[in-house]
Amino acid sequence: ARAVEIEALLRADRVQLGTQVFAVADFHFVNAPGWHVGNYFPRIAGGWPTLDLPEFLDTYPPPSTANLDAFLDDCQRFGISHLVLSDASGALFPALGQLFDGRVTSARVADIGGIPGVRIFRIVG
């Protein structure tokens, strides 16, 4: 049910494919068209696709975690338009955890809502 709610919010904000999203929260597109992994699975750092799918990291490299601007620059370069963050975001990259809980803000992202425990941001610049 969580994945369906997250997907609905993303689709309402014009997201069509999983690869347009970088996610720390555990979810995938339930209503994705076809079987291509990029249609239903968001961009992530770690997780089963990096272990089980040959060349996943070559095709979908994770964004830089040097700082928030480098992360957002890579997201834009990779075609990532949205972030789905959870309370686990700080374990991946401290700035994402701070963005999730509001300790850090950026004019480069817009909060478009979420569900309990998940916040969704659109990258705007």
Side-chain angles (χ1 to χ4, degrees):
R2 285 173 44 98
V4 172
E5 292 178 73
I6 294 168
E7 181 178 359
L9 291 168
L10 289 165
R11 291 203 184 274
D13 206 53
R14 299 180 307 278
V15 173
Q16 297 179 12
L17 300 172
T19 54
Q20 291 175 259
V21 178
F22 181 88
V24 175
D26 183 28
F27 98 100
H28 61 280
F29 278 63
V30 176
N31 298 303
W35 288 102
H36 187 275
V37 69
N39 292 354
Y40 63 86
F41 209 80
R43 304 286 290 264
I44 59 169
W48 73 263
T50 63
L51 300 173
D52 293 345
L53 297 176
E55 301 173 11
F56 182 86
L57 288 175
D58 295 334
T59 305
Y60 305 112
S64 169
T65 55
N67 57 55
L68 186 58
D69 281 327
F71 177 85
L72 294 172
D73 288 345
D74 272 359
C75 283
Q76 288 182 307
R77 189 164 51 91
F78 298 156
I80 298 168
S81 60
H82 289 73
L83 309 175
V84 175
L85 304 181
S86 72
D87 58 2
S89 300
L92 171 67
F93 174 38
L96 291 183
Q98 294 164 352
L99 186 62
F100 169 78
D101 67 19
R103 288 179 288 156
V104 165
T105 60
S106 171
R108 297 186 65 188
V109 297
D111 189 337
I112 63 162
I115 61 172
V118 175
R119 289 181 70 191
I120 302 173
F121 296 88
R122 179 190 324 113
I123 300 170
V124 295

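For the single chain, residues carry numbers from 1 onward in sequence order.
The structure places CD of Gln20 at 10.5 Å from CZ of Arg14, a figure rounded to the nearest 0.5 Å. Here the OG atom belonging to Ser89 is positioned 9.0 Å from the CG atom belonging to Leu83, to the nearest 0.5 angstrom.
Counting heavy atoms from C-beta on, the side chains of Val104 and Leu96 never come closer than 4.5 Å. Between His82 and Ile123 the shortest side-chain heavy-atom distance does not fall below 4.5 Å. Side-chain contact between Leu99 and Phe71 is absent, with no heavy atoms from C-beta onward closer than 4.5 Å. No side-chain heavy atom of Arg122 sits under 4.5 Å from any side-chain heavy atom of Asp111. Contact annotation: the side chain of Val24 approaches that of Ser86 to within less than 4.5 Å [non-hydrogen atoms, C-beta and beyond]. Side-chain contact between Ile6 and Val84: present, with at least one pair of heavy atoms (C-beta onward) separated by less than 4.5 Å.
Residues Leu68 and Phe93 come closest through the heavy atom pair N-CZ, 3.7 Å. Between Ala110 and Val124 the shortest heavy-atom distance is CB-CG1, 4.0 Å. Summarising the geometry of Val15 relative to Leu17, their closest heavy-atom pair is CG1-O, 3.6 Å, with the distance given to 0.1 Å. Minimum heavy-atom separation, Ile80 to Pro63: CD1-CG, 4.2 Å.
Between Phe78 and Phe22, the distance separating the two ring centers is not shorter than 6.0 angstrom.
The side-chain contact (heavy atoms from CB on, under 4.5 Å) test with Ile120 singles out one residue from Val21, Ile112, Leu85, and that residue is Ile112.
Of the charged side-chain nitrogens involved, at least one lies within less than 4.0 Å of a carboxylate oxygen, so that Asp73 and Arg108 count as a salt-bridged pair.
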